[in-house]
There are 2 protein chains.
Amino acid sequence: MANQSADIEEGTTFTPKFDRDGLVTAVVTDAGSGELLMVAHMNAEALRRTVESGEAWYYSRSRQALWKKGESSGHVQRVKELRVDCDQDALWLKVEQAGPGACHTGRRSCFYRAVPLGKSGAVTLEFRDGDKTFDPKAVYRQS
Amino acid sequence: MANQSADIEEGTTFTPKFDRDGLVTAVVTDAGSGELLMVAHMNAEALRRTVESGEAWYYSRSRQALWKKGESSGHVQRVKELRVDCDQDALWLKVEQAGPGACHTGRRSCFYRAVPLGKSGAVTLEFRDGDKTFDPKAVYRQS
């Protein structure tokens, strides 16, 4: 086990560790600003297509389907760099985001609400950078 | 369902969606540089302690245990901002990372290897920012 762990962490063989649903976590940031855009999941086929094409493919857990980012909206993600973490169960995509945003709610990033800290009990979220940059109804109807 | 989805995505009630193992994904970036440091998981108790204390707690899937970041290494993470994504199944922690790094392998970030793009078949990882910033054997022996 120790040697296997060393290979995974210190080696150059790409052996992504898919979970029991066959998925790895994909963290997606804007290659220019560094902003966190979204968190998604990839199965082996989505990962293969992403590596080969340089455009981001994911696997939708809710729709149980392979999914090319931007196939409906046109908001394609061109991958500038793809990294893997120490234990190879998470990926980091630095992307050029086409169009006004990555989030299906019509915002640039999916992370538009903050959780106030230092409190206990029920929590009220606070909107941050919550302005919509596009109308999702208009964008997703085009497909 | 539509109304429920709208509440989750557009409302101010914090209703984190834990998976069937009781976990949400936590993406951790450096509050200063924006660098992606690590991806971890939180159960409800880790999240509660993080929100209340302003220091990052996680749940280790391999050790099946609640875990305060830095409890062994001293590399505590002070949370400057906590955000939740549209469907509330992922969290973003912007942290001040104490000490020389976040990764248990002795590096600042867990994402120190790149996957070359535009290729098919077997992939050889390329080290990026892979220099160790501390000796993990020394650091973790102190605990």
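For the numbers below, each heavy atom of this structure counts, side chains included, while hydrogens, waters and symmetry mates do not.
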Between [X] and [Y], is there a shared hydrophobic cluster once you connect ILVMFWY residues whose side-chain heavy atoms come closer than 4.5 Å?
X      : Y      : value
B:W57  : B:F18  : no
A:L91  : A:M38  : yes
A:V24  : A:L93  : yes
A:Y112 : B:F14  : no
A:V76  : B:L117 : no

Among [options], single out the residue with the greatest number of heavy-atom pairs under 4.5 Å to chain B.
options                       : answer
A:T105, A:V123, A:T124, A:L36 : A:L36
A:E81, A:E126, A:R48          : A:E81
A:R20, A:E35, A:H104          : A:R20
A:T13, A:T15, A:V39, A:V115   : A:V115
A:G130, A:A90, A:P116, A:S109 : A:A90

In terms of heavy-atom proximity below 4.5 Å to chain A, should B:V27 be classed as side chain, backbone, both, or neither? side chain
Between chain A and each of B:E10, B:K119, B:R113, B:E52, count heavy-atom pairs under 4.5 Å; write down the option with the most. B:R113
Would A:D89 and B:R61 pass as an ion pair if we require N to O under 4.0 Å? yes
N-O pairing of B:R107 and A:E9 below 4.0 Å: no
Using heavy-atom distances under 4.5 Å, tell me whether [X] contacts chain B through its side chain, its backbone, both, or neither.
X     : answer
A:R49 : neither
A:S33 : neither
A:K94 : neither

Value rounded to 0.5 Å, distance of CG in B:L125 from CD in A:Q88: 5.5 Å
